[in-house]
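Heads up: the structure comes next, in C-alpha cells.
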Amino acid sequence: MFSSVRPGWVLVTGAASGIGRATALAFADAGANLVLTDINAAALQEVFAEVQGRGSDCVARPADVSSDREMRELAAWVRAEISAPALDVLVNNAGIGYLGSFLDTPPEAWQRVLQVNLLGVVNGCRAFLPDMIRAGGKRRIVNVASLAGLVAAPNISAYAATKHAVVGLSESLSLELRLKGAQVGITTVCPGIINTQIAKVRANVATTIDDAQYERLTEYYTRQGANPEVVADAIVRAVRSGRELVLVGPFAKPLYYLRCFSRRLAQRLVLQDARSAGYV
Ligand SMILES: NC(=O)c1ccc[n+]([C@@H]2O[C@H](COP(=O)([O-])OP(=O)(O)OC[C@H]3O[C@@H](n4cnc5c(N)ncnc54)[C@H](O)[C@@H]3O)[C@@H](O)[C@H]2O)c1
C-alpha cells in the first residue's frame, strides 16, 4: 500500500485533536497500526477508542513533546510495546499558536512556543530516529510546520519563527540522512488555515488583544479554515509517494509560489488578508 514506507507502525504526536486526530484516523483507514500521544490524556483516550474501532492495533500514552525526558521515556515504552524494530512513520504534529504583536509577546510565551513547536520536533526526532536508522528499510518522519514557516504573517512572530525553524531543520536533516545513505526520508507539511482548536485557546493570545478581536479571529478560523482531514489525507499520500514538501489547505500553494515570484506582492496579500480578517 505504501510505496515509500511499509504499512506498519505510525506514531502521531498531538493526536488528541485537529490535524493529529485526523491523521491518526487516516492512517488507521490506510491499514497502519498507531502509537498515539498527546499532553491531553482524556482527549487522547477518546481518539484511542476511535482508532481501535477502525480495527487497527493501537497503543497510546500521554507525553509532553517539549520534554526531552518524556519523549525518551515514550520511545523506550514504544520499543517494548510494538512488535517491530522501529516506527515506520513518525509524525511530529503537536503544536501551539500564539497571537500577539511582537512587543506584546512576553518571554514566557516565546519560551513555551519554542519549546513545544521547535524543541517538540527536535525531541521527537532525537527519541525515535536512531532506532529508525538502525532498523534499516524505508521509513519516514513527517514534520508538521505551517504555511507560516514559509510566508510569515503579522502578529505571530513567535509562531512563525518556530515554523521557519522546523522547515529549516527538516531540510537540513533530510540532506544529512541522504549523505549518510540512511533510508529515512523527511516530509515537511505546510498547511494554510485549518479549522481546529489551535486558535481557540485564550491563553495563547496576548492580553492586549480584546475579546472582540479574539472573537473575530476564531470566527475567521471557522469560516476560512479547511477541515483537518484535508491535511491528514495529504500526509498519508506524501508518505506513500515519498513527497518532501506538502503545501495544503487555503492559500498554501498560491501564496508560496507568489512569494517565490515576488516577496512584495505576497506581503501585500498577507497584509490585506490580515486586515480583512479584522484581528490585527
Ligand atoms: N490549524 C491550523 O490552521 C494550522 C495551520 C498550519 C499548521 N498547523 C500545525 O498543525 C499542528 C496541529 O495543530 P492543530 O491545528 O491540529 O491544533 P489543535 O490545537 O487542534 O491540536 C494540537 C494538539 O497538540 C497537543 N499538544 C499541545 N501541546 C503539546 C505538548 N507540549 N505535548 C504534546 N501534545 C501537545 C494538544 O493537546 C492538541 O491535542 C501544529 O503543529 C500546528 O502548528 C495548524
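Order of listing sets the numbers, starting from 1, for every ligand and every atom in it. Predicted model, so just to flag it, every value in this text is computed and none were measured. Both backbone and side-chain heavy atoms feed into the values below; hydrogens, waters and symmetry mates do not.
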Would [X] and [Y] show up in the same hydrophobic cluster when neighbours are defined by side-chain heavy atoms closer than 4.5 Å?
| X | Y | result |
| --- | --- | --- |
| Phe261 | Phe251 | yes |
| Val246 | Leu25 | yes |
| Ile39 | Leu36 | no |
| Val201 | Leu99 | no |

Practice problem: Please step through salt bridge (charged side-chain N to carboxylate O under 4.0 Å, His left out) for the pair Glu244 and Arg178, ending with a clear verdict. | Solution: CA-CA 13 Å; Glu244 296 218 339; Arg178 262 192 258 168; 3.4 Å; yes
Got the closest protein heavy atom to [atom], with its distance?
| atom | answer |
| --- | --- |
| atom 41 (O) of ligand 1 | Asn93 O, 2.8 Å |
| atom 8 (N) of ligand 1 | Tyr159 OH, 3.5 Å |
| atom 14 (P) of ligand 1 | Thr196 OG1, 3.4 Å |
| atom 27 (C) of ligand 1 | Ile96 CG2, 3.9 Å |
| atom 37 (O) of ligand 1 | Asp38 OD1, 2.7 Å |
| atom 6 (C) of ligand 1 | Pro191 O, 3.3 Å |
| atom 3 (O) of ligand 1 | Ile194 N, 2.8 Å |
| atom 13 (O) of ligand 1 | Ile198 CD1, 3.9 Å |

Quiz item: Taking atom types as modelled, is there a side-chain donor on Asp64 or Ser67 under 3.5 Å from an acceptor on the other?
Solution: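 Checked: Asp64/Ser67 side chains show no N/O donor-acceptor pair below 3.5 Å.
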Exercise. Answer with yes or no whether the side chains of Arg140 and Thr187 bring together a donor and an acceptor at under 3.5 Å.
Key: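 The answer is yes; a qualifying pair exists.
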Quiz item: Does Gly192 have a heavy atom less than 4.0 Å from any atom of ligand 1?
Solution: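 Gly192: in contact with ligand 1 (<4.0 Å).
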Quiz item: Centre of Tyr98's six-membered ring, under 6.0 Å away, within 45 degrees of the axis: is that where NZ or CZ of Arg112 sits?
Solution: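 Checked: cation-pi criterion not met.
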Answer with side chain, backbone, both or neither: which part of [X] has a heavy atom less than 4.0 angstrom from an atom of ligand 1?
| X | result |
| --- | --- |
| Ala145 | backbone |
| Ala63 | backbone |
| Arg21 | neither |
| Lys200 | neither |

Could you pull out, from [options], the option with a heavy atom nearest to [atom]?
| atom | options | value |
| --- | --- | --- |
| atom 34 (N) of ligand 1 | Thr13, Val91, Ile39 | Ile39 |
| atom 22 (C) of ligand 1 | Ala41, Gly20, Gly95 | Gly95 |
| atom 24 (O) of ligand 1 | Gly14, Gly249, Gly97 | Gly14 |

Quiz item: Would you say Arg54's side chain and Ser56's backbone share a donor-acceptor pair under 3.5 angstrom?
Solution: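 It does not hold such a pair.
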Quiz item: Is a donor on one side and an acceptor on the other found under 3.5 Å between the side chain of Asn117 and the backbone of Ile96?
Solution: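 Flag set: sc Asn117 to bb Ile96 pair under 3.5 Å.
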Could you list which atoms of ligand 1 come closer than 4.0 Å to a heavy atom of [X]?
| X | value |
| --- | --- |
| Arg112 | 31 (N) |
| Ile19 | 10 (O), 16 (O), 44 (C) |
| Val144 | 9 (C), 10 (O), 11 (C), 41 (O) |
| Ile193 | 3 (O) |
| Gly18 | 16 (O), 20 (O) |
| Ser146 | 6 (C), 7 (C) |
| Lys163 | 40 (C), 41 (O), 42 (C), 43 (O) |
| Val116 | 28 (N), 31 (N) |

Self-check item: Electrostatic pair Arg72-Asp68, nearest N-O below 4.0 angstrom
Solution: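 Result for this pair is yes, salt bridge flagged.
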Quiz item: Taking only residues two or more places apart in sequence or in another chain, which ones pass side-chain hydrogen bond (donor to acceptor under 3.5 Å, both in side chains) with Asn92?
Solution: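 So Asn92 forms a side-chain hydrogen bond (donor to acceptor under 3.5 Å, both in side chains) with Asn143.
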Quiz prompt | Asp64 N/O to ligand 1 N/O under 3.5 Å | solution =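 Yes, Asp64 has an N/O under 3.5 Å of an N/O on ligand 1.
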Quiz item: Given the rule in the salt bridge (charged side-chain N to carboxylate O under 4.0 Å, His left out) test, do Arg61 and Glu81 qualify, once you have shown the distances and angles that lead to the verdict?
Solution: CA-CA 11 Å; Arg61 175 175 160 134; Glu81 285 291 314; over 6 Å; no
Exercise. Any chance you could measure Asp131, atom CG, to Leu90, atom CG, to the nearest 0.5 Å?
Key: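 Taking CG in Asp131 and CG in Leu90, the distance rounds to 11.5 Å.
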Quiz prompt | Residue of the set Thr208, Asn155, Thr207 for which side chain to side chain donor-acceptor pair (under 3.5 Å) holds with Asp104 | solution =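 For Asp104, the side chain to side chain donor-acceptor pair (under 3.5 Å) test succeeds with only one of Thr208, Asn155, Thr207, which is Thr208.
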